[in-house]
> 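Let me begin by handing over the structure; questions about it come next.
The figures here come from the full heavy-atom set of this structure, side chains too, leaving out hydrogens, waters and symmetry mates. Order of the sequence lines sets the chain letters (A, B, ...), proteins ahead of strands, with each chain counted from 1.
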Number of protein chains: 2
Amino acid sequence: MADTPTLPNLTVQQLEYMVAVAAAPTRAAAAARVGVTASALTQGLAELERRVGVPLFERHGRLTRLRPQAAEVLAHARRVVAETRDLARWAEARRTGAAGTVRLGTIDAVAIHHRAETVRSHRRAHPDLDLRLTVAPSGSLLDALQVGDLDLVVCVEPSDFIEGIDTILCLEEPLHAYAPDGAAGGPPEEWGPWVTYPTGSHTRGVIAAGLTVLGAPFEVVAESNQPDVLREMVRLGMGWSVLPEAQAEAGPEPLARVRRRPIGLRRLVVVRRSGAPPDPAVDGLANVLVSG
Amino acid sequence: MADTPTLPNLTVQQLEYMVAVAAAPTRAAAAARVGVTASALTQGLAELERRVGVPLFERHGRLTRLRPQAAEVLAHARRVVAETRDLARWAEARRTGAAGTVRLGTIDAVAIHHRAETVRSHRRAHPDLDLRLTVAPSGSLLDALQVGDLDLVVCVEPSDFIEGIDTILCLEEPLHAYAPDGAAGGPPEEWGPWVTYPTGSHTRGVIAAGLTVLGAPFEVVAESNQPDVLREMVRLGMGWSVLPEAQAEAGPEPLARVRRRPIGLRRLVVVRRSGAPPDPAVDGLANVLVSG
DNA sequence: GAGTAAGATTCAGAGAAACTAAATTATTGA
DNA sequence: TCAATAATTTAGTTTCTCTGAATCTTACTC
């Protein structure tokens with residue numbers, strides 16, 4: 001009893017030896033299969049036998065075979081080796097990013113237009129990846145990222161530097177001005193009034209700056225975070241708007257631009273927390289999001 | 001890929017550490033539970049993490065906890081530890097003789113009379129013991145023992161020394177002479193004719209020697225290996241016989257002895273193969289058979 | 001039978017792994 | 001700031017495990 005205070009400290013290596021000798025005709029062959037010398041195999045199996053505490057092998061002529069009672073141990077060995085193989089596969093998938101969890105947050109334009117197909121095909125290529133998508137305005141996304149509720153964000157680049165995050169440029173998106181039917185034509189001084197994103201919105205900041213440069217007044221009569229709502233407001237004649245081309249001109253009845261050149265560019269960036277431990281699953285998704 | 005040519009060489013010890021830290025609030029407590037220092041636990045888990053190749057732990061304040069993704073590894077660890085515990089129990093049973101296989105051969109008198117209760121209670125005390133009983137004449141039993149078809153034999157001691165077997169005296173059984181009704185009474189010279197065991201029987205040898213010493217002729221008119229058959233032959237008046245008391249005088253109508261003192265003693269011995277590897281299950285049964 | 005080859009084990013030594021004890025770092029709370 | 005707690009790092013020792021060489025045993029061949 002004193003020689004087995006706890007559990008026998010078997011190693012996967014030893015169990016592998018056991019499985020190998022059961023499968024191979026000779027020990028030399030088994031040794032070759034697991035890639036060690038016959039000597040190592042002998043010693044390893046002797047150690048296994050010692051730790052189990054029950055005789056497992058016997059010599060028949062110049063072969064040594066398993067004793068019948070070793071069948072129990074062999075079955076155990078097979079189970080553990082198989083499970084360890086599964087574990088190794090799982091670990092490999094985790095290491096390469098083929099499996100894992102990524103909590104992705106994007107603004108609507110990215111999820112619906114720019115990277116919709118990218119996300120879809122990445123998900124298809126990695127069926128074991130647990131991908132959770134949150135769609136929200138840029139500010140909310142960055143807050144969630146900093147708190148640790150998200151792993152990866154695609155949003156409009158914030159105007160102020162933010163501590164603790166790394167950003168990579170993903171794409172630059174032109175913002176065009178759109179007017180209700182029949183209202184276009186005058187100089188910028190006569191444009192408006194406007195329907196646009198709420199105060200605090202990153203995109204609104206870009207729009208305000210662009211209009212100011214052109215000398216257009218920026219009187220806001222309605223707000224929404226949803227570009228399709230803003231588009232319908234323009235169509236209803238409530239006011240003018242500056243919108244991403246992809247969202248203003250999508251659908252059966254696209255709005256018409258007030259002028260050919262954009263009012264401004266909004267920079268969409270891929271963002272991660274600086275301090276976060278490296279995670280191949282996040283890396284992989286970030287890469288495809290950047291490269292498109 | 002080059003760092004994992006085969007399988008990660010995890011040890012049961014490491015998996016035990018993993019299970020312990022999952023169950024205990026702190027690492028120090030886990031270390032105490034498995035009976036090592038906190039340092040050993042730290043190093044062992046670091047090694048496990050390195051071999052799996054996936055980060056498993058993270059520090060929260062001054063505690064280090066399992067990361068969520070370690071759940072897979074923990075499940076694996078629990079399975080393997082549990083199975084190893086089962087294996088250890090099985091091995092312990094084998095070591096002590098509580099489990100295993102014993103192929104026992106005995107002559108009929110032993111199985112039916114002298115050691116019937118011994119075998120029954122031994123079997124009851126060791127439910128996991130696979131006990132196989134063969135009943136045959138002594139000669140057959142010893143042949144089977146030498147060939148390896150039996151592990152343990154209880155039979156009449158052979159008159160000649162036999163190479164390769166170890167015998168221990170179990171009990172000495174008196175053999176008495178019995179005559180058909182009304183035939184008893186005369187001097188030994190007038191005894192007979194006889195019904196007895198076949199030529200070659202160990203018991204027949206003992207009987208022949210005993211009768212010769214008394215001066216009785218040994219004319220044989222019928223033979224059988226079965227004592228109950230011999231007893232019935234006596235009852236039918238076919239001849240006299242010399243039988244073990246236990247078999248001649250059992251049942252509702254016991255035979256009557258010709259004289260009070262036995263004709264001879266047959267020595268029943270417990271026999272094992274000399275070269276056989278030690279087997280606690282066989283040892284255990286041999287012990288109770290000898291001591292009765 | 002001697003000679004030889006195959007299968008396996010034993011031995012000695014080198015390198016890796018794992019443990020303990022002590023020193024160190026980091027965090028929490030008074 | 002001080003002390004206590006949790007864990008890790010470091011240094012040194014012991015234990016494992018492997019390779020390569022030598023040995024032992026068994027089977028086969030001439």
> dA18(C), OP1 or OP2 - any side-chain N/O from Gln14(B) closer than 4.0 Å?
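For dA18(C), OP1/OP2 do have a side-chain N/O of Gln14(B) under 4.0 Å.
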> Listed by chain and number, what are the side-chain contact (heavy atoms from CB on, under 4.5 Å) partners of Ala29(B), not counting sequence neighbours?
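Ala29(B): side-chain contact (heavy atoms from CB on, under 4.5 Å) contacts with Ala24(B), Pro25(B), Thr26(B).
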> Which whole-number value in Å describes the distance from Leu63(B) CG to dG29(C) P?
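Distance check: Leu63(B) CG to dG29(C) P gives 11 Å.
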> Contact class for Ala40(A) vs. all strands (heavy atom < 4.0 Å): base, sugar-phosphate, or nothing?
base
> Please state whether the phosphate of dA18(C), meaning OP1 or OP2, lies under 4.0 angstrom from any side-chain nitrogen or oxygen of Arg51(B).
yes
> Kindly indicate whether the side chain of Arg62(A) and the base of dA8(C) share any N or O donor-acceptor pair separated by less than 3.5 Å?
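Answer is no: no donor-acceptor pair is held.
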> From the options dT10(C), dA8(C), dA17(C), select the nucleotide whose nearest atom is closest to the side chain of Thr26(A).
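Nucleotide nearest to Thr26(A)'s side chain: dA8(C).
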> Would you kindly give the CD-to-P distance between Gln43(A) and dA12(C), to the nearest whole Å?
12 Å
> Using atom CG of Leu45(B) as one end and atom P of dA17(C) as the other, report the distance to the nearest whole Å.
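Nearest whole value for this atom pair: 16 Å.
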> With a 4.5 Å cut-off on side-chain heavy atoms, are Leu15(B) and Thr84(B) touching?
no
> Report yes or no: does Arg115(B) contribute a side-chain atom to a donor-acceptor pair with the main-chain N or O of Leu289(B) at less than 3.5 Å?
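It does hold such a pair.
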> In whole Å, what is the span from the CG atom of Asn9(B) to the P atom of dA18(C)?
8 Å
> Gln146(B) and Arg273(B): side-chain donor and acceptor closer than 3.5 Å?
no
> Under a 4.0 Å N-O cut-off, is there an ion pair linking Arg50(A) with Glu47(A)?
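Salt bridge: yes.
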> By the 4.0 Å heavy-atom rule, please label Phe57(B) as base, sugar-phosphate, or nothing.
nothing
> What is the distance, rounded to the nearest whole Å, between atom CG of Leu66(A) and atom P of dA8(C)?
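Leu66(A) atom CG is separated from dA8(C) atom P by 12 Å.
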> On DNA chain D, does the nearest nucleotide to Thr37(A) precede the nearest nucleotide to His60(A) from the 5' side, or the other way round? Give the residue.
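It is Thr37(A) whose nearest nucleotide is closer to the 5' end.
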> Could you give the CG-to-C1' distance, from Leu41(B) to dA21(C), as a whole number of Å?
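Whole-Å distance recorded here is 16 Å.
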> dA17(C), dT9(C), dC19(C): which one has an atom nearest the side-chain heavy atoms of Arg50(B)?
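From the listed options, dA17(C) comes nearest.
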> Rounded to whole Å, please give me the gap between CD in Glu47(B) and C1' in dC19(C).
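Taking CD of Glu47(B) and C1' of dC19(C), I get 13 Å after rounding.
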> For the backbone of Val80(A) and the side chain of Glu83(A), can you confirm whether one donor and one acceptor N or O come within less than 3.5 Å of each other?
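No; zero donor-acceptor contacts below 3.5 Å.
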> Output every pair passing ring-ring contact (aromatic ring centres under 6.0 Å, His included) with a member in residues 125-154 of chain A, not counting sequence neighbours, ordered by first then second residue.
His122(A)-His126(A)
> Take atom CD of Gln13(A) and atom C1' of dA18(C), then tell me their distance rounded to the nearest Å.
17 Å
> Just the endpoints, please: which first and last nucleotides of DNA chain D, 5' to 3', lie under 4.0 Å from a heavy atom of chain B?
dA4(D) to dT10(D)
